[in-house]
Number of protein chains: 2
Amino acid sequence: MITDTQNTALAQRLTHSGLRSTPQREVVYQVVLGKRDHPTAEEVFDRVKSAMPTISLATVYNCLDALVQCGLIKQVNSVREPSRYCPNLHEHAHFHDEATGEIHDVDIPADLIARLHNLLPKGYDAVSIDLSFRGSVRALHALTDQQN
Amino acid sequence: MITDTQNTALAQRLTHSGLRSTPQREVVYQVVLGKRDHPTAEEVFDRVKSAMPTISLATVYNCLDALVQCGLIKQVNSVREPSRYCPNLHEHAHFHDEATGEIHDVDIPADLIARLHNLLPKGYDAVSIDLSFRGSVRALHALTDQQN
DNA sequence: ACTTGAACTTGGAACGATTCTAAGTCTCTT
DNA sequence: AAGAGACTTAGAATCGTTCCAAGTTCAAGT
Ligand SMILES: [Mn+2]
Ligand SMILES: [Mn+2]
Ligand SMILES: [Zn+2]
Ligand SMILES: [Zn+2]
């Protein structure tokens, strides 16, 4: 479940973006990849500290920024809450469960993405789309989470 | 362009939500309605001060919250930027122009809203959808802004 | 008309996520 | 081996927003 191919992929992406591969960036990347939730920078910080106790929160922010910049993770933001980070690179939407605070990934078919782009009037050039839902997840009798 | 019918509508909405109609709430509402941009709380504060110089920023935040709560305006949030407020009650998306910082409304046809809801797996119950684009608007030769 | 409690407003303090700063370390290049 | 950047670090600073305590207004009941 680990790291060598992932780390070479990371190194390539970073150098391709003019950035360096560092131990801190590697471990932050591993942590975000390691769990299918959407951790905040603080949560990433906590998880990283077991592997690298001397890392600083500022570095975690820097690393997350670097990973977002070179397209390896995505930043997810909601109303007045800390940013969260997502390793799912497929085009997808986010469902914010107001009861639990959890964020679930929701797939978006490619044709729908195209249709969304077509909403834009002439001259509008979108580089990114953000689709998010807010609500609650009804517990389905004897059925496990379909996402995640 | 003004206020009497709007203010009765406001008063009705507020009382219906168990809130009171106050001079501060009225003027904040008028200010948000008065311009088709998407002002921050600070910008609303600045505009309100000419009509009511003694109002406080805390009250502006409180009034905006009250108006959002009873559904008269919407709160729009982007990555690590101050919240903005929108008087457009139609279901619509937002286009964030990265060059100018402006936010433009984009209509969403009703059937598309339905299709977005259908993306959700069984058990997911969304109370709100948020669709936003980020990009730039190419100036169209001798053509004015199609929105707004 | 008075009383009374709740809702509301206000200025300033507090908060918290994020960014900045200054100093030290590491790495690539020559 | 040296120099220039890139990077990390701890702590300070930032800033949009929320909280607090005190005073004011309002609605409802008497
Ligand atoms: Mn965070
Ligand atoms: Mn604001
Ligand atoms: Zn995600
Ligand atoms: Zn809008």
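Lettering of chains follows the sequences in order, A, B, ..., and the numbering in each one begins at 1.
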How many Å lie between NZ on A:K49 and P on D:dA10, as a whole number?
10 Å
Nearest heavy-atom pair of B:L119 and A:D107: which atoms, and what distance?
CD2-O, 3.9 Å
Check ring-ring contact (aromatic ring centres under 6.0 Å, His included) between B:H94 and all other residues, then give those that pass, not counting sequence neighbours.
B:H38, B:H92
What string of B, S and - do you get for nucleotides 5-11 of chain C, 5' to 3', if B is base contact, S is sugar-phosphate-only contact and - is no contact with any protein heavy atom under 4.0 Å?
-BBSSBB
Quick check on D:dT17: is either OP1 or OP2 less than 4.0 Å from any side-chain nitrogen or oxygen of B:S83?
yes
side-chain contact (heavy atoms from CB on, under 4.5 Å) partners of A:E81, counting only residues at least two apart
A:S78
Output the rounded distance in Å from CG (A:L14) to P (C:dT27).
14 Å
C:dT18 C1' sits how many Å from A:E81 CD, rounded?
16 Å
For residues 110-119 of chain B, pull every pair meeting salt bridge (charged side-chain N to carboxylate O under 4.0 Å, His left out), keeping only residues two or more places apart or in separate chains.
A:D111-B:R115, A:R115-B:D111
All salt bridge (Lys or Arg N to Asp or Glu O under 4.0 Å) counterparts of B:D46, not counting sequence neighbours
B:K49
Table please: side-chain donor-acceptor pairs of residues 129-137 of chain B below 3.5 Å, with sequence neighbours left out.
none

Starting from P on D:dG16, measure out to CD on B:Q75 and report it in whole angstrom.
14 Å
If the plane angle is over 60° it's perpendicular, under 30° parallel, otherwise tilted; pick one for B:F95 and B:H104.
tilted
For the helix from C:dA1-D:dT30 to C:dT30-D:dA1, figure out the bend between the end axes, five pairs an end, and round to 10 degrees.
30°
So, using side-chain contact (heavy atoms from CB on, under 4.5 Å) as the criterion, who are the partners of B:P39 when residues are at least two apart?
B:D37, B:E43, B:V44, B:R47
Rounded to whole angstrom units, what separation is found between the CZ atom of A:R80 and the C1' atom of C:dT18?
11 Å
Return the value, rounded to whole Å, for the distance between atom OH of B:Y61 and atom P of D:dC20.
18 Å
Euclidean distance, atom OH of residue A:Y85 to atom C1' of C:dA17 [Å, nearest integer]
10 Å
Side-chain donor-acceptor pairs of residues 16-24 of chain A under 3.5 Å, sequence neighbours excluded:
{"from": "A:S17", "atom 1": "OG", "to": "A:R13", "atom 2": "O", "distance (Å)": "3.3"}
{"from": "A:S21", "atom 1": "OG", "to": "A:E26", "atom 2": "OE2", "distance (Å)": "3.3"}
{"from": "A:T22", "atom 1": "OG1", "to": "A:R25", "atom 2": "N", "distance (Å)": "3.1"}

Between atom CD in A:Q69 and atom P in D:dA6, what is the gap in whole Å?
13 Å
